[in-house]
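Here the structure is laid out as structure tokens; the discussion comes afterwards.
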Amino acid sequence: MIKTRPLSFPKKFHWGFAAAAAQIEGAAFEDNKGPSIWDVFPTIPGKVHNGDSPEVACDHYHRYKQDIALMAKLGAKNYRLSVSWPRIFPSGRGPVNPKGIDFYNRLIDTCLAKGITPWVTMFHWDLPQALEDEFGGWRDRRTVDAFATYADTIVQAFGDRVKNWITLNEIYCFIHQGYADGTKAPGHKLPAKVVNQAYHHALLAHGHGVRAVREHGGRGARVGLTDNCVPMIPVTETPGDIAASQRAFIERNVRVLDPIYRGGYTATYRKIVGKDAAKFQKDDFKLISLPTDFLGLNTYTGEFVRAGKGGKPEILAKPRSYPAADATWLAHASQAMYWCPRHVAEIYGVKSVVITENGAGYDDVPDAKGEIMDLHRRDYVRCCLRELHRAIGDGVPVDGYFLWSFMDNYEWQDGYRIRFGVVYNDYATQKRTPKLSAQWFSKVMDENRIV
Ligand code: BGC
């Protein structure tokens, strides 16, 4: 009789779902919410697929009770949500909008009543448009000041019930893609010097997020950044390729992780960034490198690396036939889930990693019976979890996993074309239908093992 050995996770492992305000809430102009850069971006021709806007999205603002009930029914014990800055400060700064505070109070209380622990991201890309108009957004240090006040405000308002905070989501995406290649809001293509300065401001905002939690978070409050550093996978798991992958990892991610974990712009940063390096003030790195409690990783895909001449890392181009999701950037490189946590633990001494996002985006279609048989998503997530399980087995300190995403939602510049949810959303009726992957993941959470 052959027995299946259970691929179990540690006892206190945190399982949950992740989502973000602008992608699900809708109600973009209700209850005094100010416009965000993502309300404006889709109006620029050619920027967003089909010109899709987040104005209605999943209408979660009005349907949050049913959504949280469904989440609880699927067995989630944790939910990573984000607060919309322009709902709290319609103009980015100035007077607080009490209706914005009320909404998140209701949402947080609903989660807690259902036994779901909220993990709150302070900033998931929906910068108040007013800050872009007045200051040029993250290009200007005054946006950091506005963020500091915003962070203080929300930690003071929700910190009695929220104990897990994430400062920023994916600095690379909202800085590089927002100001260098222009594929995300606010959609600029600016010189490297300006972009590196914007990176610096984002790092400062992260520092303020940590400071705000330490000052106002109360007992048991924990805080970390969520980063989407590019995972580097050694082609062979042999010392030469592993060393090359480590070097490639540091170099590729030098703008975010190095300053936070090494307390400054290192020689590697200066070598890569050269004359375009960011300017900084005397005490900036004290704030930027404040100790955190965990590092959030959004891990979807990765690059393959081998040791070239003299051990120099060579990043390999993926051939056309390499499998990918319908979101074409998402090559199915599940070993990223082993190597990314391991690299941050080994290189930067991170003591607690939380996978704050992982998943896959497809153009799912219900079958004749109305079921969504997303075996493709279930398979990819399962492969990723096996790699994560292996990492934990090898001693990498991983403490949680959040699946992106609970339900289909506004996928930024891809509009509503790409679906990342394990719950299908019919945007015409707002009917939610759990896909096959939701039923599978529900069992994973329940049994604390890969099923
Ligand atoms: C972001 C999410 C996004 C997901 C899939 C991450 O980069 O944090 O907002 O929807 O990836 O693209």
Side-chain angles (χ1 to χ4, degrees), residues 16-26 36-39 41-42 47-49 52-54 57-58 60 79-85 119-127 166-178 180-181 183-185 202 206 224-231 253 256 295-303 324-334 336-337 340 354-364 374 376-377 380-381 384 400-425 427 437:
F17 292 114
Q23 294 179 271
I24 59 170
E25 284 178 5
S36 87
I37 55 173
W38 276 97
D39 294 315
F41 191 58
K47 288 292 190 186
V48 175
H49 171 79
D52 288 350
S53 93
C58 307
H60 176 72
Y79 173 38
R80 174 179 173 231
L81 59 100
S82 82
V83 172
S84 160
W85 183 351
W119 294 57
V120 175
T121 309
M122 297 175 179
F123 180 70
H124 199 126
W125 305 354
D126 44 356
L127 186 78
I166 291 154
T167 55
L168 309 175
N169 182 70
E170 300 187 353
I171 294 179
Y172 168 83
C173 281
F174 70 85
I175 297 296
H176 186 86
Q177 297 187 330
D181 69 27
T183 54
K184 285 194 164 70
H206 159 72
L225 172 78
T226 275
D227 191 32
N228 63 327
C229 41
V230 181
N253 302 302
V256 174
L295 175 64
L297 293 180
N298 289 355
T299 305
Y300 289 92
T301 183
E303 299 288 355
D326 290 343
T328 48
W329 55 269
L330 208 164
H332 283 178
S334 56
M337 201 51 113
C340 198
V354 176
I355 303 300
T356 40
E357 289 182 30
N358 168 247
Y362 302 95
D363 180 11
D364 301 308
D374 59 340
H376 39 292
R377 179 174 291 102
Y380 186 55
V381 171
C384 290
Y401 174 96
F402 290 72
L403 183 74
W404 183 275
S405 184
F406 171 60
M407 60 184 154
D408 297 333
N409 57 50
Y410 182 66
E411 180 49 16
W412 310 111
Q413 71 272 25
D414 286 328
Y416 295 103
R417 186 170 61 96
I418 297 286
R419 296 170 177 272
F420 268 87
V422 292
V423 172
Y424 184 86
N425 190 39
Y427 291 104
S437 58

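Note that these values count all heavy atoms, side chains included, but never hydrogens, waters or copies made by symmetry. We number each residue from 1, following the sequence as shown. Atoms within a ligand are numbered from 1 in the order they appear, just like the ligands themselves.
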Apply the test side-chain contact (heavy atoms from CB on, under 4.5 Å) to residues Glu357 and Glu170: give CA-CA distance (whole Å), side-chain angles for both, the deciding distance (0.1 Å), then the verdict. CA-CA 11 Å; Glu357 289 182 30; Glu170 300 187 353; 4.2 Å; yes
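- Between Trp119 and Phe402, the gap from one ring centroid to the other is short of 6.0 Å.
- Salt bridge status for Asp374 with Arg419: absent, with no side-chain N to carboxylate O gap under 4.0 Å.
- Among protein heavy atoms, atom 6 (C) of ligand 1 sits closest to Glu357 OE1, 3.0 Å.
- Ring-plane geometry between Trp85 and Phe123 is classed as perpendicular, the angle between the planes exceeding 60 degrees on a 0 to 90 degree scale with a lower cut at 30.
- Less than 6.0 angstrom separates the ring centroid of Tyr416 from the ring centroid of Tyr410.
- With hydrogens left out, the protein atom closest to atom 7 (O) of ligand 1 is Glu170 OE1, 2.6 Å, a heavy atom.
- Residue-level proximity to ligand 1 for Asn409 is absent, since no heavy atom of it falls below 4.0 angstrom.
- Ring geometry for Tyr172 versus His176: interplanar angle under 30°, hence parallel rather than tilted (30 to 60°).
- Atoms of ligand 1 found under 4.0 Å from any heavy atom of His124 (numbered from 1 in listed order, with element): 1 (C), 2 (C), 8 (O), 9 (O).
- Under 4.0 angstrom from ligand 1, there are no non-hydrogen atoms of Asn228.
- Remark: ligand 1 atoms within the under-4.0 Å shell around heavy atoms of Asn298 are 8 (O).
- For ligand 1, one of its N or O atoms has an N or O atom of Gln23 under 3.5 Å away.
- The contact set between ligand 1 and Trp125, taken as ligand atoms under 4.0 Å from a residue heavy atom, comprises 1 (C), 7 (O).
- Taking every heavy atom of Phe420 and a limit of under 4.0 angstrom, the matching atoms of ligand 1 come to 5 (C), 12 (O).
- Scanning all protein heavy atoms for the shortest distance to atom 5 (C) of ligand 1 gives Glu411 OE2, 3.2 Å.
- Separation of the Trp329 and Tyr300 ring centroids falls under the 6.0 Å cut-off.
- Atom 4 (C) of ligand 1 has as its closest protein heavy atom Tyr300 OH, 3.4 Å.
- The two residues Pro231 and Cys229 have their closest heavy-atom pair at CD-O, 3.1 Å.
- The side chain of Trp329, and not its backbone, has at least one atom closer than 4.0 Å to an atom of ligand 1 (non-hydrogen atoms only; side chain from C-beta on).
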